[in-house]
Amino acid sequence: MKKIVMKFGGTSVATGENIRHVASLVTQNAKNDCRIAVVVSALAGVTNTLIEIAEQAKKSDEKHIQAFTKELLDKHLATISTAMTSKQVQKEVTQITEKTIAELEKVLTGICYVGELTPKSKDYVLSFGERLSAPIVWGAIKDLKFETQCFTGKEAGIVTDSNFGEADPLMNFTTHLIHERLGPLLEKGVIPVVTGYIAANQDGIVTTVGRGGSDYTATILGVALGVDEVWIWTDVDGIMTTDPKIVPKAKMLPQLSYQEAAEMAIFGAKVMHPRALEPVIKENIPVRIRNVFHPENQGTLITKEPDAKATEVVKAVAMIKDVAMLNVSGAGMVGAPGSYAKVFDVLGKNNINVMMISTAVSEANISMIIRRGLLGRAISNLEIALLDRGGLVSEVSAEDDVAVIAVMGANMKGTLGVASRIFTTVARKGINIRMIAQGSSELNISFVVKEKDGTAVVRAIHEEFNLDKI
Ligand code: ADP
Ligand code: ASP
Ligand code: MG
């Protein structure tokens with residue numbers, strides 16, 4: 001009998017009707033001799049509103065918080081009323097929802113009184129999106145007379161480090177706990193419904209695994225339960241040659257290797273969390289990206305081997321918007337052993353991940369790409385640690401209106417002339433390139449342009465390499 005983890009994203013559970021559809025997809029597969037564990041995201045848009053209210057709560061009043069929680073409660077109650085028909089199940093889910101919202105109100109009021117939002121309390125607030133959606137999906141499956149049980153990530157046994165906002169699972173411990181808690185249920189044909197995105201550290205404090213992290217939860221669960229496949233159900237047909245919101249003619253890629261798909265996810269294809277493939281690569285578990293609105297399509301299959309038939313040099317192009325370019329310069333860095341190490345040491349100690357690096361031959365300058373939200377922390381810490389210390393670094397500057405464009409494909413390796421074709425295409429558009437990097441894997445070439453030019457660059461490259469005809 002096949003075992004599958006199915007993850008449903010925000011749009012898949014956006015409304016009560018959608019949730020009913022999700023429940024019927026799950027139960028139809030369960031009837032077809034499949035053992036299924038379900039992972040769910042928050043209802044579409046809810047995590048964003050939780051971020052806003054968490055930020056506002058610091059300087060807000062109780063009335064404002066109550067208005068917010070009332071609206072959130074109404075939204076979920078409306079969803080419950082259409083997601084399931086049994087009055088008894090509706091009542092059960094409503095009780096859980098009311099209790100959860102009351103807890104959220106207390107948490108937000110606490111933040112309001114203390115006037116401070118720490119990464120820890122922020123994760124706690126953000127956990128409520130999934131804590132509210134999962135019981136509704138559970139209710140909809142129960143409504144169809146299937147045995148099911150609802151878990152938070154913490155209850156399921158996902159234990160992470162304490163890097164709030166971007167926590168990583170302790171995979172050995174997590175595997176042990178999930179296997180123990182969910183394994184026997186799955187064997188009996190009970191359908192566990194688990195909140196995506198949220199987990200807990202070793203002390204039981206709630207953590208989140210990064211935005212879009214329900215995909216990561218799904219693969220963690222998949223590995224721990226030793227499933228045959230992980231299916232990521234979303235609102236597009238699969239992984240495409242680029243974001244269909246930028247190029248509507250973008251084509252679905254039926255097969256990708258782990259390496260290609262990971263490269264795409266890391267370099268901006270929002271369709272999957274950048275770290276989601278890490279757990280499954282080791283265990284060689286295939287991942288499928290499928291359209292919840294077109295379940296008749298097979299979607300993109302991600303496996304160890306690249307598609308042997310594919311001959312395209314360039315397969316996809318992506319844009320990462322939410323980034324900034326950091327420039328560290330100083331004549332003192334020229335020929336000084338260990339000078340780069342000092343810069344990266346400061347960033348590393350402050351939990352700032354460097355996504356892209358480029359240096360000039362003169363060594364007087366390093367340019368780096370980091371998440372835009374971390375820019376303030378990066379500049380201030382570099383300034384404290386490095387400026388005026390023997391003249392190693394004389395200036396730390398930044399540009400926060402840039403985007404990274406990444407052009408990808410396994411066959412780019414060893415193929416001459418791809419870079420020149422890319423840069424000629426950009427030059428023809430009269431657009432300036434601010435920075436270039438090629439990973440040693442040669443699976444991608446990435447470069448930085450002004451954010452306002454990003455869409456035009458993606459479209460031009462998509463056209464130049466005929467990706468709509470792939
Ligand atoms: P979910 O809520 O299901 O997790 P997301 O919004 O996180 O869905 O991801 C799906 C979206 O990713 C699509 O609607 C699409 O606009 C965007 N996207 C960006 N790049 C790509 C790509 N290369 N292929 C497919 N979708 C992409
Ligand atoms: N709800 C979380 C987010 O919006 C996780 C997810 O959707 O995967 O980031
Ligand atoms: Mg997502």
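For ligands, and for the atoms within them, numbers begin at 1 and follow the listed sequence. Reckoned from all heavy atoms, side chains included, excluding hydrogens, waters and symmetry mates.
- Within the 4.5 Å cutoff, no side-chain heavy atoms of Ile36 are placed close to those of Phe146.
- At the shortest separation from atom 2 (O) of ligand 1 among protein heavy atoms lies Gly10 N, 3.0 Å.
- A donor-acceptor contact shorter than 3.5 Å links the side chain of Arg459 to the backbone of Ile246.
- Within the 4.0 Å heavy-atom criterion, both parts of Lys270, backbone and side chain, lie near ligand 1.
- The shortest heavy-atom distance from Ala250 to ligand 1 is not under 4.0 Å.
- In this structure Asn351 satisfies the side-chain hydrogen bond (donor to acceptor under 3.5 Å, both in side chains) test with no other residue, sequence neighbours excluded.
- Taking distance alone, with nitrogen or oxygen atoms compared against 3.5 Å, Met240 approaches ligand 1 more closely than that limit.
- Only the side chain of Lys7 comes within 4.0 Å of ligand 1, counting heavy atoms alone; its backbone N, CA, C and O stay farther away.
- One finds no salt bridge joining Glu263 and Lys315 here, because no Lys/Arg side-chain nitrogen approaches an Asp/Glu carboxylate oxygen to under 4.0 Å.
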Show the short N or O contacts, below 3.5 Å, that ligand 2 makes with protein N or O atoms; if there are none, say 'none'.
{"from": "ligand 2", "atom 1": "1 (N)", "to": "Thr47", "atom 2": "OG1", "distance (Å)": "2.7"}
{"from": "ligand 2", "atom 1": "1 (N)", "to": "Glu130", "atom 2": "OE2", "distance (Å)": "2.6"}
{"from": "ligand 2", "atom 1": "4 (O)", "to": "Thr47", "atom 2": "OG1", "distance (Å)": "3.4"}
{"from": "ligand 2", "atom 1": "4 (O)", "to": "Arg211", "atom 2": "NH2", "distance (Å)": "2.9"}
{"from": "ligand 2", "atom 1": "7 (O)", "to": "Ser41", "atom 2": "OG", "distance (Å)": "3.2"}
{"from": "ligand 2", "atom 1": "8 (O)", "to": "Gly212", "atom 2": "O", "distance (Å)": "3.4"}
{"from": "ligand 2", "atom 1": "8 (O)", "to": "Gly213", "atom 2": "N", "distance (Å)": "3.4"}
{"from": "ligand 2", "atom 1": "8 (O)", "to": "Ser214", "atom 2": "N", "distance (Å)": "3.0"}
{"from": "ligand 2", "atom 1": "8 (O)", "to": "Ser214", "atom 2": "OG", "distance (Å)": "3.0"}
{"from": "ligand 2", "atom 1": "9 (O)", "to": "Arg211", "atom 2": "NE", "distance (Å)": "2.6"}
{"from": "ligand 2", "atom 1": "9 (O)", "to": "Arg211", "atom 2": "NH2", "distance (Å)": "3.4"}
{"from": "ligand 2", "atom 1": "9 (O)", "to": "Gly212", "atom 2": "N", "distance (Å)": "2.8"}

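- Between Arg372 and Asp322 no salt bridge is recorded (no basic side-chain N to carboxylate O distance below 4.0 Å).
- A donor-acceptor pair under 3.5 Å is absent between the side-chain atoms of Thr195 and the main chain of Ala134, judged by distance alone.
- Looking at ligand 1, you'll find an N or O of Asp243 within less than 3.5 Å of one of its N or O atoms.
- For ligand 1, the polar-atom distance check finds no N/O of Ser12 at less than 3.5 Å from any of the ligand's N/O atoms.
- Counting the atoms of ligand 1 from 1 in the order shown, those under 4.0 Å from a heavy atom of Gly238 are 24 (N), 25 (C).
- For ligand 1 and Thr234, the ligand atoms under 4.0 Å from any heavy atom of the residue are 1 (P), 3 (O), 8 (O), 10 (C).
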Throw together a table of side-chain donor-acceptor distances under 3.5 angstrom for residues 94-102, partners on residues two or more places apart or in other chains.
{"from": "Thr94", "atom 1": "OG1", "to": "Gln90", "atom 2": "O", "distance (Å)": "2.6"}
{"from": "Thr97", "atom 1": "OG1", "to": "Val93", "atom 2": "O", "distance (Å)": "2.7"}
{"from": "Thr100", "atom 1": "OG1", "to": "Ile96", "atom 2": "O", "distance (Å)": "2.7"}

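- Taking 4.0 Å as the cut-off between side-chain N and carboxylate O, Arg275 and Asp168 count as a salt-bridged pair.
- Scanning all heavy atoms of the two residues, the minimum distance from Ala167 to Asp161 falls at CA-OD1, 3.4 Å.
- With contacts defined as side-chain heavy-atom distances shorter than 4.5 Å, the pair Val227/Ile4 does not qualify.
- Note on ring orientation: taking the six-membered ring where Trp is involved, the planes of Phe173 and His176 are parallel (angle under 30°, cut-offs 30° and 60°).
- Note: no N/O pair closer than 3.5 Å links Thr241 and ligand 1 by distance alone.
- Residue contacts with ligand 1 leave out Met252, since none of its heavy atoms falls under 4.0 Å from the ligand.
- Residue pairs meeting the salt bridge (Lys or Arg N to Asp or Glu O under 4.0 Å) criterion with at least one member in residues 232-253, sequence neighbours excluded: Lys249-Asp468.
- With distances taken over non-hydrogen atoms, the option nearest atom 13 (C) of ligand 1 out of Thr47, Asp235, Val271 is Asp235.
- In terms of N/O distances under 3.5 Å, ligand 1 is not approached by Val236.
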